[in-house]
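For reference, the structure discussed in these notes is given below.
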Amino acid sequence: MSSEGNNNLNPSVTGSSNSTEIEELNSILTSVQDNDALNVKKTQTPNLSVGEPLLEIPKRNPTEYITVCLMCLMVAFGGFINGWDIGTIGGFINHTDFLIRFGTRRADGTYYLSKVRTGLIVSIFNVGCAIGCVALGRLGDMYGRRMGLIIASIIFIVGNVIEIASVEAWYQYFIGRIVAGVGMGVIAVLSPMLISEVSPKAMRGAMVSCYQLMITMGIFLGYCANYGTKTYDDSRQWRIPLGLQFAWCLFMVAGMLFVPESPRYLVQKGKIEEARRSVSKSNKLPVDDPVVISEVDMIMVAVEKERAEGEAGWKEMFDTKNKVFQRVLMGVIVLGLQQLTGANYFFYYGTTIFKAVGLEDSYETSIVFGVVNFASTFVALYVVDRFGRRTCLLWGATGMICCMVVYASVGVTELWPNGENGGVTSKGAGNCMICFACFFIFCFATSWAPIPFVIISESFPLRVKTKGMALGTVSNQMWNFAIGFFTPFITGAINFYYGYVFLGCLVFAWFYVFFFVPETKGLVLEDVNVMWEEGVLPWKSASWVPPSQRGATYDVDELAKDDQPVWKKMFSKH
């Protein structure tokens, strides 16, 4: 490649603190292109003049990306497997055959699951997920994202077999859920990661959000499966839904045969031509298109820079110089807050408020919430790339705060006119709570349900991405475990006052997003890393411009400082 072809990486920027790094990247790219082991053809790289911006992937009508969307949906199907488990386990613990096999017999001959056993059977799955994403998350770096997902699906199937084979020992079913959780933990890391690395940047938010869409679809259809099998009086009540998980895992494995491998992984392994084919397939461009070559060249720069810095260890998660620790902390907090919004609280207490208006069937109650949750997630696919990650999180938190105030207050003061032990519930209060519960789920499904997965998949540099995403997923799963395990005890003690606990978490979530979560809409993954390293203030991040697109008067330092009072920041455009 000629030297002019390299100079496109060094934009003309006056006073930019990033110019030294850009020069360093230029030298790295030159060495990469001279390395015969990478098999890069010099004549294939576009010849750009000094100061000319990098070639941009052309904007297309979303309908032209139908095949790309289908590929991303195949990857996101891992979320469906997770959602199916969430949707079915809640029904299993109420099925008569399940209670007889794994419960305790009362003096009157009926069977029940204690709160401790219920909490363990339901929530231990999340502990398995946490173990899987930390212990086996590196499968994606070792064997590729696709092969990692295939291995994870096989692990999930093994756990599924242990569960189905359980006859009377509840701890055997318990062990099966741990094993299945390990497989799901790997899927929870690699699925959003692969989607973020193969989807076009203009649609990346929507495509990663498909992971959450598949979760909600799995939850909804899992509820339907429980409703369909509740009439059986034997193990078919719970073994049929469990057995269907085999089909979902096999579909996941088959789908991986049609999905392109991550170009970033391929570049890491020196498979440059395969990386170009992956980028061309994802962006609907010829493999020798200058835009495809330019995109792969930028990935090569980032990979070689990270390779020169050496393999990342766990101690590098605490690196503050390159803002790695700040990103890890953000991922841990945002994915933890996703659980602390209180969405699962609504699903747990839904039966109570629906009984207030005469709907006694808990399976029907679950389906109502499942429909709202699933349908609302489609809205997220549009708003996440239209309005941005940060804006959606802020407005979503605002909507949930309003809903939780009404829901908890009405529950505390109006649902039982004669007191909780009075036995009489107010139908009007119940109707009000149902409306606000559904609107809460709408706000959650369009913002805090999918977008934390988008943020965590975009924020980390490649060399620490697996570890960073694993830590965020651990936070999510452990908070999920804590809420699932302790909610029966807490609600039994303080009832609807529990909603005020989540209200406090939602207020904290709004302020945290405003002050610590930057906007990443429309940026390639390598540019997100540059933005973090330049120390851009989150409430100014929407105005940040990548180095390849800056003019001579662009001042990056202006975005890293702000003397405006705090109250003006919060009410200014963000």
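Model, not experiment: these values are computed from the prediction.
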Discussion item. Contact between Gln245 and Phe156 at the side-chain level, heavy atoms closer than 4.5 Å - yes or no?
Written reply: yes
Fill in: Shortest non-hydrogen contact between Met71 and Pro260, atoms and distance
SD-CD, 3.3 Å
Worksheet item: Is a side-chain donor or acceptor of Gln477 paired with a backbone partner of Cys129 at a separation under 3.5 angstrom?
Response: no
Worksheet entry | Check: Cys443 main-chain N/O paired with Thr446 side-chain donor or acceptor under 3.5 Å | yes
Worksheet entry | More than 12 heavy atoms of other groups within 6.0 Å of Tyr497 OH | no
Practice prompt. Not counting sequence neighbours, which residues clear side-chain hydrogen bond (donor to acceptor under 3.5 Å, both in side chains) with Trp544? List them please.
Written response: Glu534
Worksheet, complete the sentence: side-chain hydrogen bond (donor to acceptor under 3.5 Å, both in side chains) filter on Ser459, not counting sequence neighbours, yields none
Worksheet entry | Beyond-backbone contact of Met147 with Met256, side-chain heavy atoms, under 4.5 angstrom | no
Item to complete: Measure the shortest side-chain to side-chain distance between Pro518 and Val536 over non-hydrogen atoms and say whether it is less than 4.5 angstrom.
Response: no
Item to complete: Answer yes or no: is there a donor N or O on one side and an acceptor on the other, between the side chain of Thr473 and the main chain of Met469, under 3.5 Å?
Response: yes
Worksheet item: Atom CE of Met330 and atom CD1 of Ile455: how far apart are they, to the nearest 0.5 Å?
Response: 6.0 Å
Item to complete: Output, in order, the C-alpha distance, side-chain angles, deciding distance and verdict of side-chain hydrogen bond (donor to acceptor under 3.5 Å, both in side chains) for Arg327 and Asn529.
Response: CA-CA 10 Å; Arg327 284 179 260 188; Asn529 187 50; 2.8 Å; yes
Practice prompt. Among residues two or more places apart or on two chains, list those pairs meeting salt bridge (Lys or Arg N to Asp or Glu O under 4.0 Å) that have a residue in residues 204-223.
Written response: Arg204-Glu458
Worksheet item: Taking C-beta and beyond as the side chain, do Val371 and Tyr223 meet within less than 4.5 Å on heavy atoms?
Response: no
Worksheet item: Mind checking whether Ser123 and Asn480 have side chains closer than 4.5 Å, heavy atoms only?
Response: no
Worksheet item: What is the minimum heavy-atom distance between Pro192 and Val189, and which atoms define it?
Response: CD-O, 3.7 Å
Table please: side-chain donor-acceptor pairs of residues 205-213 below 3.5 Å, with sequence neighbours left out.
residue : atom : partner : partner atom : Å
Ser209  : OG   : Gly205  : O            : 2.7

Response to the item:
Smallest heavy-atom separation, Glu558 atom then Lys540 atom, equals O-NZ, 3.0 Å
Worksheet item: Does the pair Thr520 and Met531 meet the rule for a side chain to side chain contact (heavy atoms under 4.5 Å, CB included), with working shown?
Response: CA-CA 9 Å; Thr520 54; Met531 180 177 67; 4.0 Å; yes
Worksheet item: Which word best sums up how the rings of Tyr498 and Phe502 line up, parallel for under 30°, tilted for 30 to 60°, or perpendicular for over 60°?
Response: tilted
Fill in: Val383 to Cys392 - nearest heavy-atom pair and separation
O-SG, 3.5 Å
Ignoring hydrogens and angles, write down the donor-acceptor pairs under 3.5 Å from the side chains of residues 177-188, residues two or more places apart or on other chains.
residue : atom : partner : partner atom : Å
Arg177  : NE   : Ile121  : O            : 2.5
Arg177  : NH1  : Asp85   : OD1          : 3.0
Arg177  : NH1  : Asp85   : OD2          : 3.4
Arg177  : NH2  : Asp85   : OD2          : 3.2
Arg177  : NH2  : Val122  : O            : 3.1

Worksheet item: What residue pairs, at least two apart or across chains, pass salt bridge (Lys or Arg N to Asp or Glu O under 4.0 Å) with a residue in residues 122-135?
Response: none
Worksheet item: With distance as the sole test, does Ser541 use its side chain to make a donor-acceptor pair with the main-chain N or O of Pro538 at under 3.5 Å?
Response: yes
Fill in: Tyr407 OH to Met400 CE distance, which is reported to the nearest 0.5 Å
15.0 Å
Worksheet item: What's the shortest heavy-atom distance between Pro263 and Val279, and which atoms?
Response: CB-CG2, 3.7 Å
Practice prompt. Answer yes or no: is there a donor N or O on one side and an acceptor on the other, between the side chain of Ser191 and the main chain of Val75, under 3.5 Å?
Written response: yes
Worksheet entry | Residues forming a ring-ring contact (aromatic ring centres under 6.0 Å, His included) with Phe92, sequence neighbours excluded | none
Discussion item. With ring-ring contact (aromatic ring centres under 6.0 Å, His included) as the rule and sequence neighbours excluded, what pairs involving residues 250-272 come up?
Written reply: Phe77-Phe251
Discussion item. Looking at Gly388, is its backbone amide N or carbonyl O close enough to the side chain of Thr391 to form a donor-acceptor pair, meaning the two atoms are under 3.5 Å apart?
Written reply: no
Worksheet item: With side chains defined as the heavy atoms from C-beta onward, is the minimum distance between Glu533 and Pro461 less than 4.5 Å?
Response: no
Worksheet entry | Asp527 side chain to Pro546 backbone, donor-acceptor under 3.5 Å | no
Item to complete: Answer yes or no: is there an ion pair linking Glu261 with Lys271, defined by an N-O contact shorter than 4.0 Å?
Response: no
Worksheet item: Should Leu139 and Leu136 count as side-chain neighbours, where that means a heavy-atom distance under 4.5 Å?
Response: yes
Discussion item. Test side chain to side chain contact (heavy atoms under 4.5 Å, CB included) on Ile89 and Phe125; report intermediate values, then the result.
Written reply: CA-CA 10 Å; Ile89 188 61; Phe125 183 80; over 6 Å; no
Item to complete: Specify whether Phe220 and Phe374 have parallel, tilted or perpendicular ring planes, treating 30° as the upper limit for parallel and 60° as the lower limit for perpendicular.
Response: parallel
Worksheet item: Mind checking what makes ring-ring contact (aromatic ring centres under 6.0 Å, His included) contact with Trp248, not counting sequence neighbours?
Response: Phe80, Trp84
Worksheet item: Do you see a donor-acceptor pair shorter than 3.5 Å between the side chains of Thr398 and Trp510?
Response: yes
Worksheet item: In this structure, are over 12 heavy atoms from other groups packed under 6.0 Å from Met478 atom CE?
Response: yes
Discussion item. Is it the case that the side chain of Asn373 and the backbone of Phe369 share a donor-acceptor pair, with hydrogens and angles ignored and the cut-off at 3.5 Å?
Written reply: no
Worksheet, complete the sentence: With sequence neighbours left out, the residues meeting ring-ring contact (aromatic ring centres under 6.0 Å, His included) with Phe516 are Tyr512
Worksheet item: Which pairs with one or both residues in residues 140-155 pass side chain to side chain donor-acceptor pair (under 3.5 Å), sequence neighbours excluded?
Response: Asp141-Arg145, Asp141-Thr466, Arg145-Glu197
Practice prompt. Quick one: do Phe325 and Met317 satisfy side chain to side chain contact (heavy atoms under 4.5 Å, CB included)? Show the steps, please.
Written response: CA-CA 5 Å; Phe325 176 71; Met317 298 297 101; 6.0 Å; no
Fill in: Side-chain touch Gln326/Thr320, heavy atoms, less than 4.5 angstrom
yes
Item to complete: For residues Ala445 and Ala380, report the shortest heavy-atom separation together with the two atoms involved.
Response: O-CB, 3.7 Å
Item to complete: Begin with the C-alpha distance, continue with both residues' side-chain angles, and end with the deciding distance and a verdict on side chain to side chain contact (heavy atoms under 4.5 Å, CB included) for Ile333 and Phe508.
Response: CA-CA 11 Å; Ile333 293 177; Phe508 172 78; 4.2 Å; yes
Practice prompt. Please confirm whether the backbone N or O of Val324 pairs with a side-chain atom of Asn322, one donor and one acceptor, at under 3.5 Å?
Written response: no
Worksheet entry | ring-ring contact (aromatic ring centres under 6.0 Å, His included) partners for Phe436, two or more places apart | none
Practice prompt. Report the distance from atom CD1 of Ile131 to atom CG of Asn126, rounding to the nearest 0.5 Å.
Written response: 11.0 Å
Worksheet entry | Donor-acceptor contact present, side-chain Glu519 to main-chain Arg390, <3.5 Å | yes
